[in-house]
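Reckoned from all heavy atoms, side chains included, excluding hydrogens, waters and symmetry mates. Keep in mind that what you see is a predicted model, and the values were worked out from it rather than measured.
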Amino acid sequence: MSIRVRFAPSPTGYLHLGAARAALFNYLYARSVGGKFLLRIEDTDLERSTEESTRSILEGLEWLGLDYDEEIIFQSDNAEKHRQIALKLLEEGKAYRDFTPKEDRANTNIKQNIADKARQQQGEKNMRDNPFRNLSKAESDAKADAGEPFAIRLKVAETGKTSFEDAVYGFQERDYSEIEDLVLLRSDGHPLYNLAVVCDDLEMQITDVIRGQDHLTNTHKQILIYEALGKTPPRFAHLPLILAPNKGKLSKRKHGAVVSMTTYRDKGFVAPAFRNFLALLGWSAGEEREIYSLEELVEKFSLEGVHRNNAVFNFHEADERHWTDDKALWMNAEYIRTMPLESLIPLGKNELKSAKLWRDEYEDDDKVWFEKTIDLIRQRFFTLKDFSAQGRAFFSEDFDFDEKAIEKNLKKFPDLQTWLPELANRLETVEDFTHDNLEAVIKKFAEEKGTKIGVIMNGARTLLTGLAVGPSMLAVFETLGKEKTIRRLKSQVAWNL
RNA sequence: GGCGCAUUCGUCUAGUGGUUAGGACGCAAGGUUCUCAACCUUGAAACAGGGGUUCAAUUCCCCUAUGCGCUACCA
């Protein structure tokens with residue numbers, strides 16, 4: 001049977017880091033073995049699920065280039081089937097009705113409550129002490145017929161243990177005494193997660209379940225359901241978690257935008273770069289290398305290469321320069337300056353468009369110029385945003401002057417206020433406005449003025465680009481062209497700021 | 001509290017019963033340069049602790065510590 005895996009997010013927010021990586025690993029695994037990568041939206045939590053989230057998740061997957069096979073399954077569509085299956089288990093005596101009134105839980109600190117409760121009743125807990133567990137069928141039916149509300153619980157055997165071989169964590173075993181009679185169907189008739197997952201995975205013919213390690217212990221419960229259903233469980237592979245810098249849980253609520261896929265898209269990340277980064281969080285090919293194309297990841301990926309220990313996503317909230325993981329930032333810059341120019345062009349276009357700097361000539365009469373310019377300035381950029389920010393002066397006359405640059409490169413050398421317009425006149429005479437010719441003229445000019453060439457160049461840089469940093473000035477002159485170069489050198493705007 | 005999982009530089013990680021414990025990011029210093037990146041060179045930086053097993057343990061076993069997860073009529 002061919003391999004079938006699924007990514008099954010619940011639509012309660014945007015696609016976050018951990019989920020994205022789970023999706024990526026599923027995708028890589030499926031592609032590497034020639035299997036199918038399916039998508040299932042687990043929207044059974046009606047209160048928290050939103051269509052907006054679903055859309056956001058799909059966008060995130062699309063951005064990462066993780067295309068799925070077949071139709072998307074919405075778990076809520078299958079609720080009735082799940083209910084029937086629970087009823088069937090009840091019928092077969094593998095589950096029972098629990099008439100215990102539903103406990104109202106305050107949703108805050110719920111985990112804490114559970115732990116506290118467990119602490120109080122330590123030693124005396126018995127997972128099989130439900131008074132309705134051994135009710136006769138007649139009695140149970142009678143109560144149900146009388147309209148008493150009930151949940152359906154799986155009847156877990158008194159003794160024994162479940163076990164499975166996890167592809168990442170190895171052999172796992174759990175004693176039945178550690179597993180409660182889990183609820184399959186709520187008293188309001190809604191199927192619960194563990195039941196729904198098992199039913200859907202069965203229906204979708206999933207062969208390998210690859211998901212976060214937070215489900216490792218849930219797996220035992222699910223195996224119990226598979227057994228009750230008389231089905232063979234799929235193979236399981238659990239992934240280590242991605243933690244916050246304090247090694248705590250990385251959460252949407254606490255960490256916000258830094259864990260959202262859309263943030264990276266909107267902040268100018270190149271999708272293949274971020275995907276590459278994500279792949280290396282919890283997996284390695286066992287070689288000293290970090291740049292991998294999607295094809296290479298597919299080729300190299302294996303579950304054996306997945307780690308068992310959690311990874312820290314190392315960002316610094318307070319530090320603007322290190323707002324997200326340094327390695328992600330570095331990788332993005334690496335991609336921007338080394339990816340094939342033709343792949344970068346559309347991304348640059350996109351960025352300029354959204355900054356309202358795009359002109360159609362860039363694809364037409366000025367195509368060559370545009371591509372050359374992108375190629376020139378990409379060398380020192382970290383994100384696509386830089387094309388419209390630091391790169392603005394190349395595409396627009398309307399750019400800002402950096403105060404520090406003015407101070408450092410212009411005002412510190414007052415002579416430049418007359419020299420640079422003078423240089424402009426000199427450049428006017430240059431017929432062939434290219435690197436070598438410009439260099440000769442400027443060198444000579446600097447010598448005449450008895451100043452270092454750097455003073456001239458940096459002053460010019462600030463007048464031409466508004467910045468203190470940037471590409472080699474000879475390249476900038478050439479790229480901007482004679483007319484703009486001369487105009488900007490003569491402009492007194494910066495001097496008056 | 002119970003159960004489970006984990007533990008190599010700050011972070012991502014490689015690795016082996018005998019290694020100068022390797023790489024990457026970040027950081028620092030130097031070189032190069034018209035600036036800043038890039039690039040090159042160099043540097044600081046790790047096997048959680050304690051017991052075993054062994055001629056030898058970072059590697060195998062146990063314990064402790066720490067972290068994380070699960071322990072819901074959430075997913």
Spacing of the P atoms in B:G10 and B:A45 (rounded, Å) = 10 Å
Of the listed nucleotides B:C74, B:C27, B:U13, the one nearest the side chain of A:R321 | B:C27
Check: B:C68 base within 3.5 Å donor-acceptor of A:K247 side chain = no
Is any side-chain nitrogen or oxygen of A:R48 closer than 4.0 Å to OP1 or OP2 of B:A75?
-> no
Indicate, yes or no, whether a donor-acceptor pair under 3.5 Å links the base of B:C73 to the side chain of A:S187.
-> yes
Looking for any heavy atom pair under 4.0 Å, which part of the strands does A:K221 touch: base, sugar-phosphate only, or nothing?
-> sugar-phosphate
Take atom P in B:C62 and the same atom in B:U53, then report the distance between them in whole Å.
-> 15 Å
Here the distance between atom P of B:C25 and atom CZ of A:F313, to the nearest Å, is 17 Å
So does A:T44 get a side-chain nitrogen or oxygen closer than 4.0 Å to the phosphate oxygens (OP1/OP2) of B:A75?
-> yes
note: A:N276, atom CG; B:A24, atom P; distance rounded to Å ~ 16 Å
Specify the residue among A:P101 and A:F171 whose closest nucleotide of RNA chain B lies further upstream toward the 5′ end.
-> A:F171
In the strands shown, is B:A72 matched to any nucleotide by a Watson-Crick or G-U wobble pair with both distances under 3.5 Å, and which?
-> none
Which nucleotide, in any strand shown, forms a Watson-Crick or G-U wobble pair with B:A65, with both distances under 3.5 Å?
-> B:U7
Flag side-chain contact, heavy atom, 4.5 Å: A:F401 against A:L410 = no
Rounded to whole angstrom, note down the C1' distance from B:G50 over to B:A65.
-> 10 Å
Given the C1' atoms of B:U8 and B:G23, what is the spacing between them in whole Å?
-> 13 Å
What is the distance, rounded to the nearest whole Å, between atom CD1 of A:I179 and atom P of B:G4?
-> 12 Å
Whole-Å distance separating the OH atom of A:Y292 from the C1' atom of B:C25 = 15 Å
Any residue meeting side-chain contact (heavy atoms from CB on, under 4.5 Å) with A:E288, in chain and number order, not counting sequence neighbours = none
A:Y169 atom OH is separated from B:C70 atom P, nearest whole Å, by 13 Å
Backbone of A:A328 reached by a side-chain donor or acceptor of A:N332 within 3.5 Å = no
Just call it for A:H322: base, sugar-phosphate, or nothing, with non-hydrogen atoms closer than 4.0 Å on any strand.
-> sugar-phosphate
Where protein sits on nucleotides 31-39 of chain B, one letter per nucleotide: B base, S sugar-phosphate only, - none, heavy atoms under 4.0 Å | ---BBBBS-
For the side chain of A:L216, counting heavy atoms from C-beta on, which of B:G26, B:U11, B:G4 is nearest?
-> B:G4
Sticking with atom C1', work out how far B:C27 lies from B:G18, rounded to a whole angstrom.
-> 34 Å
side-chain contact (heavy atoms from CB on, under 4.5 Å) filter on A:T479, not counting sequence neighbours, yields A:W369, A:T373, A:L376, A:F394
With heavy atoms under 4.0 Å as the rule, sort A:K249 into base, sugar-phosphate or nothing.
-> sugar-phosphate
Watson-Crick or G-U wobble partner for B:U33, using a 3.5 Å limit on both distances?
-> none
Provide the distance between the two P atoms, one in B:A57 and one in B:G30, to the nearest whole Å.
-> 43 Å
Kindly say whether the aromatic ring centers of A:F387 and A:F381 come within a distance under 6.0 Å.
-> yes
Rounded to the nearest angstrom, tell me the gap between atom CG in A:N218 and atom P in B:G4.
-> 16 Å
Quick one: does NZ or CZ of A:R275 land under 6.0 Å from the six-membered ring centre of A:F277, within 45 degrees of the ring axis?
-> no
Please work out if A:G212 contacts a base, only the sugar-phosphate, or nothing of the nucleic acid, heavy-atom cut-off 4.0 Å.
-> nothing
Specify the separation, in whole Å, of atom CG of A:L182 and atom P of B:A72.
-> 10 Å
Checking N1-N3 plus N6-O4 or O6-N4 for Watson-Crick, or N1-O2 and O6-N3 for wobble, each under 3.5 Å, the partner of B:U20 is none
Is it true that A:F269 and A:W330 have ring centroids separated by less than 6.0 Å?
-> no
Watson-Crick or G-U wobble partner for B:G43, using a 3.5 Å limit on both distances?
-> B:C27
B:G4 OP1/OP2 closer than 4.0 Å to side-chain N/O of A:H220 = no
Aromatic rings A:W323 and A:Y264: how do their planes relate, parallel, tilted or perpendicular, breaks at 30° and 60°?
-> parallel
Across all strands shown, which nucleotide pairs with B:U54 by Watson-Crick or G-U wobble geometry, both distances under 3.5 Å?
-> none
Select from A:G305 and A:T217 the residue whose nearest nucleotide in RNA chain B is closer to the 5' end of that strand.
-> A:G305
A:Y193 atom OH is separated from B:A75 atom P, nearest whole Å, by 9 Å
Counting side-chain heavy atoms from CB outward, which of B:C12, B:C74, B:G69 is closest to A:K327?
-> B:C12
A:H307 side chain near B:A14 phosphate (N/O to OP1/OP2, under 4.0 Å) | yes
Of the nucleotides B:G69, B:C5, B:U13, which one has an atom closest to the side chain of A:L241?
-> B:G69
Taking side chain as C-beta onward, heavy atoms only, is A:I73 less than 4.5 Å from A:M204?
-> yes
Winner on side-chain proximity to A:E180, out of B:U71, B:A6, B:G4, is B:U71
Taking the six-membered ring where the residue is Trp, are the ring centres of A:Y169 and A:H307 under 6.0 Å apart?
-> no
On the ring face of A:W495, is A:K411 found with NZ or CZ under 6.0 Å from the centre and within 45° of the axis?
-> no
OP1 or OP2 of B:U71 under 4.0 Å from side-chain N/O of A:R174 = no
